[in-house]
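So that the names make sense, note that chain A is the first sequence line, chain B the second, and so on, each numbered from 1.
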Protein chains: 2
Amino acid sequence: MADTSARRINPDEEPARAPEAPEIDWDLIELFFFAYRDFTSDPDHMLDELGFGRAHHRVMHFINRRPGLTVAELLDVLQITKQSLARVLKQLIDTGHVMQVQGPRDRRQRELHLTTKGRALALALAAPQSRRIGRALADLKPEDRSTVEHFLKEMVNREFRQQVDNLGQHEPESAEEKR
Amino acid sequence: MADTSARRINPDEEPARAPEAPEIDWDLIELFFFAYRDFTSDPDHMLDELGFGRAHHRVMHFINRRPGLTVAELLDVLQITKQSLARVLKQLIDTGHVMQVQGPRDRRQRELHLTTKGRALALALAAPQSRRIGRALADLKPEDRSTVEHFLKEMVNREFRQQVDNLGQHEPESAEEKR
DNA sequence: GGTTTATGTCAACAAGGCTGACATAAATTT
DNA sequence: AAATTTATGTCAGCCTTGTTGACATAAACC
């Protein structure tokens with residue numbers, strides 16, 4: 001180091017002046033933080049009034065996206081423990097937002113589905129997020145949507161790319177294995 | 001109402017088949033979730049080994065970006081309560097990552113600075129995130145960076161745009177009146 | 001029939017949010 | 001000068017949502 005030597009105002013310790021980093025993309029790091037924070041804020045407020053949290057939202061979202069997925073599959077997507085899931089899932093079932101159906105092939109499995117009520121809530125929660133995205137894309141050229149999509153997809157760990165693609169369920173999108 | 005029998009095995013209820021939504025951008029909603037999850041995963045793992053959490057990361061990040069910001073300003077950016085901040089901030093001070101300097105104008109204020117040690121950690125945490133962003137932009141045209149930046153910036157609530165711009169430190173002013 | 005698998009559940013714990021109450025020193029107002 | 005407000009710190013307790021470990025049950029598999 002030894003560079004801020006010239007006019008040091010504070011004599012005590014060295015307070016590490018500016019963010020003169022090697023090659024860190026501070027701007028996008030920070031922007032991503034703010035963007036996600038606000039992205040989740042609308043549904044968070046709605047959930048609050050129902051006594052639910054962000055965890056409930058995630059559960060409903062993925063059940064809505066993959067109707068009939070099993071508990072194990074959901075755990076896989078959410079990457080949480082079954083005990084964590086159990087708590088919120090139980091609440092969602094008790095409040096009539098989610099229903100379980102015994103697996104047809106394997107009767108140990110529980111296929112998860114949203115009820116009409118749950119579906120309505122999932123939609124209501126997604127609506128402001130979708131609107132926000134729409135507004136964020138509005139000033140851009142139509143082709144830029146795929147740029148954003150590509151960027152976000154590449155931000156995901158390779159091990160989970162497939163999950164992402166599967167969930168999309170309509171990605172003709174060529175470039176997938178290019179490493 | 002009338003659907004007290006939540007867990008039923010026969011589909012006499014409607015399990016709400018497909019995500020046939022009005023105009024919901026499910027793909028980007030979900031992609032954003034996965035992207036942010038993985039974006040935070042690298043620093044999370046590092047922090048774990050130090051006995052720190054994501055909260056400590058955020059605090060160090062913003063102190064690094066705005067050396068000398070006060071406690072009140074930090075609370076404003078993070079949007080948490082001072083009691084929440086106090087816990088992590090105390091730990092960061094005790095471990096020698098953050099130091100406080102009495103405000104020059106107002107001696108009640110505490111200007112926050114990273115120490116050399118804290119700065120090193122902030123950099124180490126940001127590095128994998130920056131690399132991830134770099135990789136995600138690598139396949140795109142150079143101009144597309146500003147597309148992504150624009151998208152993320154628009155995702156932020158209007159009330160906080162200024163915060164974002166200030167932190168970036170290179171956004172003079174823009175059309176804020178539009179709603 | 002024995003083992004593995006899918007799920008559920010109990011109990012305890014941790015991180016990191018929250019609110020409310022109160023303390024202190026410095027700045028500001030009256 | 002005294003009273004009030006402001007910036008910060010701290011104590012105590014609560015909530016949500018993660019965690020681990022242990023154990024139970026039914027169904028599938030071998």
Side-chain angles (χ1 to χ4, degrees), chain A residues 33 37 40-41 43-63 68-95 98-113, chain B residues 6-7 9 33 37 40-41 43-61 63 68-95 98-113:
Chain A
F33 163 73
R37 185 191 65 179
T40 56
S41 64
D44 279 356
H45 291 141
M46 292 190 230
L47 289 157
D48 216 50
E49 288 165 11
L50 294 168
F52 289 156
R54 200 177 293 182
H56 301 82
H57 188 184
R58 289 199 287 262
V59 168
M60 283 195 294
H61 171 90
F62 286 110
I63 295 178
L69 93 171
T70 66
V71 171
E73 288 168 340
L74 184 52
L75 288 174
D76 210 52
V77 173
L78 295 175
Q79 289 185 245
I80 58 174
T81 59
K82 66 175 173 178
Q83 294 92 330
S84 288
L85 174 60
R87 247 183 322 223
V88 300
L89 188 53
K90 196 168 193 302
Q91 287 177 277
L92 290 172
I93 290 170
D94 290 348
T95 53
V98 170
M99 58 184 291
Q100 293 178 307
V101 179
Q102 202 170 48
R105 292 166 301 192
D106 188 332
R107 281 155 39 215
R108 289 170 305 181
Q109 294 182 331
R110 300 281 179 271
E111 290 190 349
L112 301 170
H113 298 267
Chain B
R7 332 144 252 170
I9 299 177
F33 163 72
R37 185 192 64 180
T40 56
S41 64
D44 279 355
H45 292 142
M46 291 188 232
L47 290 156
D48 216 50
E49 287 164 12
L50 295 168
F52 289 156
R54 201 177 292 181
H56 301 81
H57 187 185
R58 290 199 286 259
V59 169
M60 284 194 293
H61 170 90
I63 295 177
L69 91 172
T70 65
V71 171
E73 289 168 340
L74 183 53
L75 287 175
D76 210 52
V77 173
L78 295 176
Q79 289 186 243
I80 57 175
T81 59
K82 66 175 173 176
Q83 294 93 329
S84 289
L85 174 60
R87 251 187 318 227
V88 300
L89 187 55
K90 196 168 193 302
Q91 287 178 276
L92 290 171
I93 290 169
D94 290 348
T95 53
V98 170
M99 60 183 288
Q100 293 179 307
V101 178
Q102 202 171 48
R105 295 164 300 190
D106 188 332
R107 278 150 48 214
R108 289 171 304 180
Q109 294 183 330
R110 300 282 178 271
E111 291 191 348
L112 301 169
H113 297 267

Quiz prompt | Contact under 4.0 Å: A:T81 side-chain N or O vs D:dT19 OP1/OP2 | solution = yes
Quiz item: Taking the nucleotide of DNA chain D with the closest heavy atom to each, which residue, A:R105 or A:F52, is nearer the 5' end?
Solution: A:F52
Quiz item: Choosing from D:dT17, C:dA27, C:dT7, which nucleotide comes nearest the side chain of B:R107?
Solution: C:dA27
Quiz prompt | C:dC18 OP1/OP2 closer than 4.0 Å to side-chain N/O of B:S84 | solution = yes
Quiz prompt | Distance-only donor-acceptor test, A:Q100 side-chain atoms vs C:dG8 base atoms, 3.5 Å | solution = no
Quiz item: In whole angstroms, how far is the P atom of D:dG18 from the CD atom of A:Q83?
Solution: 12 Å
Quiz item: Considering all heavy atoms of both residues, which atom of A:L75 and which atom of A:L85 are nearest to each other, and what is their separation?
Solution: CD2-CD2, 3.4 Å
Quiz prompt | Atom-pair distance (CG on B:D76; C1' on D:dT8), nearest Å | solution = 15 Å
Quiz item: Looking at A:R87, A:H61, A:Q91, which hits side-chain hydrogen bond (donor to acceptor under 3.5 Å, both in side chains) with A:H56?
Solution: A:Q91
Exercise. Check if the side chain of A:K82 and the base of C:dG8 share a donor-acceptor pair of N or O atoms closer than 3.5 Å.
Key: yes
Practice problem: Take the protein atom CG of A:L89 and the nucleotide atom C1' of C:dT9, then report the distance between them rounded to whole Å. | Solution: 13 Å
Quiz item: Roughly, in whole Å, what's the span from CD in A:Q109 to P in D:dC29?
Solution: 10 Å
Self-check item: Between C1' of D:dG18 and CG of B:D48, the distance in whole Å
Solution: 12 Å
Practice problem: Identify the two heavy atoms, one from A:V88 and one from A:A55, that lie closest to each other, and give their separation to 0.1 Å. | Solution: CG1-CB, 3.8 Å
Quiz item: B:D106 has a side chain; which of D:dA7, C:dT19, D:dG9 sits nearest to it?
Solution: D:dA7
Self-check item: Sugar-phosphate only, base, or nothing, as touched by B:Q79 at under 4.0 Å among non-hydrogen atoms
Solution: sugar-phosphate
Quiz prompt | Residue B:A72, side-chain atoms from C-beta onward, closest of D:dT10, C:dT7, D:dT8 | solution = D:dT8
Quiz prompt | 5'-most by nearest nucleotide on DNA chain C - B:Q91 or A:V71 | solution = A:V71
Quiz item: How far apart are the closest heavy atoms of A:R54 and A:D44, and which atoms are they?
Solution: NH2-OD2, 2.7 Å
Exercise. Answer yes or no: side-chain N or O of A:R108 and base N or O of C:dT7 forming a donor-acceptor pair under 3.5 Å.
Key: no
Quiz item: D:dG18 base to A:R87 side chain: any donor-acceptor pair below 3.5 Å?
Solution: yes
Exercise. Would you check if the side chain of A:R110 reaches a backbone N or O of A:R108 as a donor-acceptor pair within less than 3.5 Å?
Key: yes
Quiz item: If you look at every heavy atom in B:E111 and B:G103, which pair is closest and at what distance?
Solution: CG-CA, 4.2 Å
Quiz item: Roughly, in whole Å, what's the span from CG in B:L112 to C1' in D:dA7?
Solution: 12 Å
Exercise. Determine: side-chain N/O of B:R110 to OP1/OP2 of C:dA25, distance under 4.0 Å, yes or no.
Key: no
Quiz item: What integer distance in Å separates A:L74:CG from C:dG8:C1'?
Solution: 15 Å
Self-check item: Euclidean distance, atom NZ of residue B:K90 to atom P of D:dC11 [Å, nearest integer]
Solution: 7 Å
Quiz item: Picking from C:dG17, C:dG16, D:dT20, which would you name as closest to the side chain of B:H56?
Solution: C:dG16
